[in-house]
Number of protein chains: 2
Amino acid sequence: MMLMNMQHVIAKLRHSGYKITPQRLEICELILSSQNHPTADQIYQKILRKFPTISLATVYQTLHLLKELGLLQELGFADMSSRYDPNTSPHVNVICPKCGQIYDCEPKRAKELWSQIAAELRFKPVGQRLDVYKYCDKCSNIQSRNSETKNR
Amino acid sequence: MMLMNMQHVIAKLRHSGYKITPQRLEICELILSSQNHPTADQIYQKILRKFPTISLATVYQTLHLLKELGLLQELGFADMSSRYDPNTSPHVNVICPKCGQIYDCEPKRAKELWSQIAAELRFKPVGQRLDVYKYCDKCSNIQSRNSETKNR
DNA sequence: TCTTAAATAATAATGGTTTTTGTTTAGTAT
DNA sequence: ATACTAAACAAAAACCATTATTATTTAAGA
């Protein structure tokens with residue numbers, strides 16, 4: 001299983017004994033339809049259009065549930081809030097260290113790298129995370145303008 | 001540059017115009033001598049023995065400075081805590097998804113295959129992070145005991 | 001339709017990190 | 001060695017993403 005779809009989500013929820021609610025389905029669809037991996041608050045802001053009384057706590061609860069069911073991956077960061085990735089298979093997250101922009105990348109070698117490392121580690125991991133840091137076009141301009149000063 | 005040492009830290013601080021203080025040196029030594037990547041609070045608790053009046057804010061400031069100087073990597077996690085790794089070269093962090101225990105791993109093929117991916121991406125990353133999730137011995141026992149129930 | 005455990009909404013609480021402010025100190029010049 | 005000054009420090013308050021709590025609502029089976 002690589003990228004979840006709604007059929008899969010519904011089946012998994014039902015099979016695991018959880019209820020199928022409109023809120024849960026909408027949260028899933030929002031994550032699936034977004035290219036960058038949204039934060040909990042970004043999901044909350046979007047879902048407010050369709051569910052004006054939804055609580056941010058519900059968003060968090062649902063995200064944690066989907067994570068436990070293995071339907072998405074939570075990417076924690078030091079300088080920003082967590083982001084949620086519906087792709088749980090080995091792939092590369094290209095991240096701007098300045099603004100946090102993320103996009104996914106699936107190098108041909110990624111899965112090969114993964115399987116070789118897994119073989120060398122002598123155990124079967126339950127998951128993985130591959131991040132690559134690269135200044136996006138916007139931030140690399142700002143960065144080069146400030147790079148001569150002692151900036152902190 | 002892979003794993004920092006004290007000589008290197010001192011040179012880097014001086015060259016960058018920052019002062020050499022006992023607090024900064026002690027924090028560096030603690031990180032360098034620790035096998036697992038400690039949290040800010042774990043460093044704070046240890047350093048209290050030698051500097052009973054040190055502030056937690058000083059620990060954070062120092063860690064951020066060392067990060068900016070490229071001397072260590074900050075690993076952010078979903079539970080909003082960070083851990084600090086003096087090894088900034090491509091390596092694998094083996095992490096227990098339950099308790100957060102971490103240890104480093106340097107598979108022979110990691111660097112080789114990593115550079116191949118970098119070549120395929122057509123840019124030179126400014127950093128990277130490779131996490132592999134594996135339940136530690138302690139947590140895998142607990143996990144198997146609870147796995148039949150709907151646990152959350 | 002009825003029943004009930006689960007899910008939701010609203011709100012308060014939590015806790016890691018950052019900011020602020022006044023004091024101390026490392027590094028340099030005298 | 002002493003004095004000077006910007007930087008670093010300690011202490012405490014503030015911040016804010018996330019989690020816990022509680023009362024109300026709802027999905028799903030009888």
Side-chain angles (χ1 to χ4, degrees), chain A residues 9-28 30 37-45 47-69 72 74-84 100 149-152, chain B residues 9-28 37-69 72 74-84 100 149-152:
Chain A
V9 171
I10 293 174
K12 189 81 177 183
L13 283 173
R14 208 187 303 275
H15 177 268
S16 306
Y18 296 101
K19 294 182 178 174
I20 318 286
T21 68
Q23 291 92 334
R24 285 176 173 168
L25 295 181
E26 182 64 17
I27 289 170
C28 284
L30 280 179
H37 314 321
T39 65
D41 194 68
Q42 288 170 341
I43 294 168
Y44 174 62
Q45 296 302 334
I47 208 172
L48 275 178
R49 302 171 192 166
K50 198 173 277 187
F51 297 86
T53 68
I54 199 173
S55 171
L56 182 55
T58 300
V59 174
Y60 275 105
Q61 288 163 10
T62 301
L63 291 172
H64 289 162
L65 175 58
L66 295 173
K67 178 187 175 184
E68 273 197 22
L69 295 178
L72 54 78
E74 182 177 10
L75 299 175
F77 292 95
D79 54 347
M80 56 179 145
S81 47
S82 287
R83 308 181 68 143
Y84 297 86
T149 72
K150 183 166 88 172
N151 69 329
R152 36 175 180 159
Chain B
V9 170
I10 293 174
K12 188 83 177 180
L13 283 173
R14 208 187 302 276
H15 177 267
S16 305
Y18 296 100
K19 293 183 177 174
I20 319 286
T21 68
Q23 290 93 334
R24 286 176 174 168
L25 295 181
E26 183 64 16
I27 288 170
C28 284
H37 312 321
T39 65
D41 194 68
Q42 287 170 340
I43 295 167
Y44 174 63
Q45 296 301 334
K46 274 197 183 177
I47 207 173
L48 275 178
R49 301 171 192 165
K50 198 172 279 187
F51 297 85
T53 68
I54 199 172
S55 170
L56 181 55
T58 300
V59 175
Y60 275 105
Q61 289 162 11
T62 301
L63 291 172
H64 289 161
L65 175 58
L66 294 172
K67 178 188 175 185
E68 273 197 22
L69 295 178
L72 53 78
E74 183 177 11
L75 300 175
F77 290 95
D79 65 341
M80 292 298 285
S81 69
S82 287
R83 308 183 68 143
Y84 298 87
T149 73
K150 184 167 85 172
N151 71 330
R152 36 173 180 160

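Reminder, nothing fancy here: chain letters follow the sequence lines and each chain counts from 1.
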| said: Can you give me the closest heavy-atom contact between B:Ile54 and B:Gln23, atom names plus distance? | reply: CD1-CG, 3.8 Å
| field | Distance-only donor-acceptor check, side chains B:Ser81 and B:Asp79, under 3.5 Å | value | yes
| task | Answer with yes or no whether A:Ser55 presents, from its side chain, a donor or acceptor under 3.5 Å of a partner atom in the base of C:dA10. | result | yes
| note | In whole angstroms, the gap separating P of D:dA10 from CD of B:Glu26 amounts to 12 Å
| note | When B:Asp79 and A:Pro52 are each assigned the nearest nucleotide of DNA chain C, the 5'-most assignment goes to A:Pro52
| query | What integer distance in Å separates B:Phe51:CZ from D:dC9:C1'? | reply | 12 Å
| request: Could you please name the option among D:dT18, D:dC9, D:dA28 that lies closest to any side-chain atom of A:Ile20? | output: D:dA28
| field | Distance in angstrom units between A:Leu65 CG and D:dT18 C1', rounded | value | 17 Å
| Heavy-atom closest contact (B:Leu25 atom, B:Ile20 atom, distance) | CD1-CG2, 3.8 Å
| task | Compare the minimum distances between each of D:dT21, C:dT20, C:dT17 and the side chain of B:Gln61, then state the nucleotide with the smallest one. | result | C:dT20
| query | Can you tell which of A:Leu75, A:Leu66, A:Leu63 makes a side-chain contact (heavy atoms from CB on, under 4.5 Å) with A:Tyr84? | reply | A:Leu63
| field | OP1 or OP2 of D:dT18 under 4.0 Å from side-chain N/O of A:His64 | value | no
| Is there a donor-acceptor pair closer than 3.5 Å between any side-chain N or O of B:Arg24 and the backbone N or O of B:Lys19? | yes
| message | Can you identify which nucleotide, out of C:dT18, C:dG27, D:dT18, has its nearest atom closest to the B:Tyr60 side chain? | response | C:dT18
| message | Donor-acceptor check, side chain of A:Ser55 to backbone of A:Ala57, threshold 3.5 angstrom: yes or no? | response | yes
| Which nucleotide in the set C:dT17, D:dA27, C:dT20 lies at the smallest distance from any side-chain heavy atom of A:Pro22? | D:dA27
| task | Identify which nucleotide among D:dA17, D:dA10, D:dA8 has an atom closest to any side-chain atom of B:Tyr18, counting heavy atoms from C-beta outward. | result | D:dA8
| said: Could you tell me how far apart A:Arg24 (CZ) and C:dA6 (C1') are, to the nearest whole angstrom? | reply: 8 Å
| remark: The nucleotide from C:dA7, D:dT18, C:dT19 with an atom nearest the side chain of A:Ser82 is D:dT18
| field | Touch class at under 4.0 angstrom, heavy-atom based, for A:Ile54 against every strand present | value | sugar-phosphate
| task | Measure from CG on B:Leu56 to P on D:dA13 and round the result to the nearest Å. | result | 15 Å
| said: Please report the distance, rounded to the nearest Å, between CE in A:Met80 and C1' in C:dT17. | reply: 16 Å
| Touch check for A:Thr39, heavy atoms < 4.0 angstrom, all strands: base, sugar-phosphate only, or nothing? | nothing
| note | By nearest-nucleotide position on DNA chain C, the 5'-leaning member of A:Lys19 and B:Thr21 is A:Lys19
| message | Given D:dA20, D:dA27, C:dT17, identify the nucleotide with an atom nearest to the side chain of B:Ala40. | response | C:dT17
| message | Output the rounded distance in Å from CG (B:Leu25) to P (C:dT25). | response | 16 Å
| remark: Of B:Ala78 and B:Gln23, the one whose closest nucleotide on DNA chain D sits nearer the 5' end is B:Gln23
| A:Tyr84 has an atom OH; how far is it from atom C1' of D:dA17, in whole Å? | 10 Å
